[in-house]
Amino acid sequence: MTRIDLNSDIGEACDHLPVDSDDAVLEHVTSANIACGFHAGDPTTMQRTVAAALRHGVAIGAHPSLADRAGFGRRETDISPHDAYALVVYQVGALAALAHAAGARLAHVKPHGALYNMAARDPVLAAAIAQAVTDVDASLVLVGLAGSALPAAGARLGLRVAHEAFADRAYEADGRLSPRGETGAVIDDIERAVVQAVAIATRGEAVARSGETVRIRADTLCVHGDRADAGEFARRLRAGLFDAGVDVRAPRQAGATAG
């Protein structure tokens, strides 16, 4: 049976983006990537989101970002590998402490936004992030864009890695995510997103914006928690995967690998 994880970026409440759908999303996903305060969230929100994930039996992961609350962590900036290392250690360590206080442990780390995209194509930055995760806790799963520099860097250090794909983001012919500013980069229609997710999970492929078929290896699929319909999207995506015979499990059980 095909197995895959269903993850969501949550705990992203902040002044300009209140998020009310986290509990609805957590009913259907298997992993939660919790904002660590640099692009969204704060200590109280992090604590509350850890508790919510525990109530729903969902694996807890850190979602570290560039320091960019005004831009929601989606603006690329120059950052040295040294600074990226410190930034990731700081954020992952903070969430790990809150999880420990709640009687839980982190399961994974997934960078957010611009940091995620930069690490996908920059092997030096990816190596710094992977080293940071290793030094905090070498048992953590490192989540990165499928086939990119980030999971490759994690695998070189012996980390377990999860190659991530997206149900509601369009792909380019070379396997990159379509830039958010491009027409059609975000798939708003739930049914289209479910069809893409099932194709990725069962056949390892998606149709690029150009119409070409793109091969995608995926251990985990992302549900964006900041969608207006995030709860309904997560419900229908989980149902669509079930109907296709896909077993949905968290990364430690769903095929995350050391390569």
Side-chain angles (χ1 to χ4, degrees), residues 1-10 21-34 49-50 52-63 99 104-110 116 139-148 150-151 154-155 159-169 171 175 177 187 189-207 213-225 227 229-259:
M1 178 179 288
T2 300
R3 293 179 178 177
I4 202 160
D5 174 48
L6 202 54
N7 77 76
S8 186
D9 307 337
I10 64 171
S21 60
D22 283 357
D23 274 313
V25 171
L26 285 169
E27 291 182 14
H28 306 290
V29 300
T30 45
S31 294
N33 319 309
I34 300 175
T49 309
V50 165
L54 287 174
R55 285 197 307 272
H56 289 278
V58 172
I60 299 167
H63 199 36
R105 289 189 60 188
L106 295 190
H108 63 279
V109 175
K110 173 190 165 182
Y116 177 99
S139 74
L140 293 170
V141 175
L142 178 59
V143 181
L145 182 66
S148 75
L150 186 55
L159 286 172
R160 298 181 71 202
V161 300
H163 292 257
E164 182 180 41
F166 292 80
D168 62 350
R169 290 292 306 279
Y171 284 88
L177 292 175
I187 302 172
D189 181 76
I190 293 178
E191 187 56 37
R192 280 187 57 213
V194 171
V195 168
Q196 175 163 290
V198 169
I200 291 171
T202 60
R203 302 196 300 275
E205 64 184 35
V207 178
T213 298
V214 182
R215 296 294 302 172
I216 300 174
R217 167 192 172 175
D219 304 307
T220 185
L221 285 164
C222 178
V223 174
H224 283 108
R227 289 177 61 115
D229 58 356
E232 176 65 6
F233 177 43
R235 185 190 69 80
R236 288 173 59 180
L237 182 55
R238 182 73 179 258
L241 291 168
F242 177 83
D243 290 344
V246 178
D247 184 19
V248 180
R249 300 191 188 186
R252 290 182 184 277
Q253 306 160 317
T257 66

Given side chains that start at C-beta, do those of D247 and R249 come closer than 4.5 Å, heavy atoms only? yes
Rounding to 0.5 Å, atoms OG1 (T220) and CD1 (I200) come to a distance of 11.0 Å
Please examine the side chains of N33 and H108, heavy atoms only from C-beta on, and report whether any two atoms are closer than 4.5 Å. yes
pair N7-K110: side-chain heavy atoms closer than 4.5 Å: yes
Counting C-beta onward and ignoring hydrogens, is there a side-chain heavy-atom pair between L6 and L241 closer than 4.5 Å?
yes
- Carefully, step by step, assess V141 and R160 under the rule side-chain contact (heavy atoms from CB on, under 4.5 Å). CA-CA 5 Å; V141 175; R160 298 181 71 202; 4.2 Å; yes
Exactly one candidate in I60, L26, T49 meets side-chain contact (heavy atoms from CB on, under 4.5 Å) with L54; the answer is I60
Could you go through the side-chain contact (heavy atoms from CB on, under 4.5 Å) check for V207 and Q196 one step at a time?
-> CA-CA 8 Å; V207 178; Q196 175 163 290; over 6 Å; no
Applying salt bridge (Lys or Arg N to Asp or Glu O under 4.0 Å) to R227 and not counting sequence neighbours gives D168, D229
dist H224:NE2 -> S8:OG (nearest 0.5 Å) comes out at 8.5 Å
- salt_bridge(R55, D23) N-O dist < 4.0 Å: yes
I want to check something: taking the side chain as every heavy atom from C-beta on, are L177 and F166 in contact at a cut-off of under 4.5 Å?
yes
Quiz item: Can you find a heavy atom in the side chain of T202 that is under 4.5 Å from one in the side chain of V246?
Solution: yes
Residue set satisfying side-chain hydrogen bond (donor to acceptor under 3.5 Å, both in side chains) with E232, at least two apart, ordered chain then number -> R235
Across all chains, not counting sequence neighbours, the side-chain hydrogen bond (donor to acceptor under 3.5 Å, both in side chains) partners of T30 are D5
Item to complete: Indicate yes or no: at least one non-hydrogen side-chain atom of L237 is less than 4.5 angstrom from one of V223.
Response: yes
Across all chains, not counting sequence neighbours, the side-chain contact (heavy atoms from CB on, under 4.5 Å) partners of V214 are A208, I216
Taking every heavy atom of R217 against every heavy atom of A146, the minimum-distance pair comes out as O-CB, 2.9 Å
Sequence neighbours excluded, the answer for salt bridge (Lys or Arg N to Asp or Glu O under 4.0 Å) partners of E205 is R203, R215
Heavy-atom nearest pair, Y171 first then A206, reads CD1-CB, 4.3 Å
In short, A53 meets A32 closest at the heavy-atom pair CB-CB, 4.4 Å
So do R169 and C222 actually touch side chain to side chain, heavy atoms under 4.5 Å?
no
| said: Using a strict threshold of under 4.0 Å (side-chain N to carboxylate O), is an ion pair present between R236 and E191? | reply: yes
By side-chain hydrogen bond (donor to acceptor under 3.5 Å, both in side chains), Y116 pairs with (sequence neighbours left out) E164
Across all chains, not counting sequence neighbours, the side-chain contact (heavy atoms from CB on, under 4.5 Å) partners of A62 are C36, P64, V92, L95, L106, V109
Value for CZ (R105) from OG (S139), rounded to nearest 0.5 Å, stands at 4.5 Å
For the backbone of D22 and the side chain of E27, can you confirm whether one donor and one acceptor N or O come within less than 3.5 Å of each other? no
Across all chains, not counting sequence neighbours, the salt bridge (Lys or Arg N to Asp or Glu O under 4.0 Å) partners of R192 are none
>> Taking the ring of H28 and the ring of F233, is the distance between their centroids below 6.0 Å?
In response: no
For A250 and A59, the nearest pair of non-hydrogen atoms, with its separation, is CB-CB, 4.0 Å
The side-chain contact (heavy atoms from CB on, under 4.5 Å) partners of A239 (sequence neighbours excluded) come to none
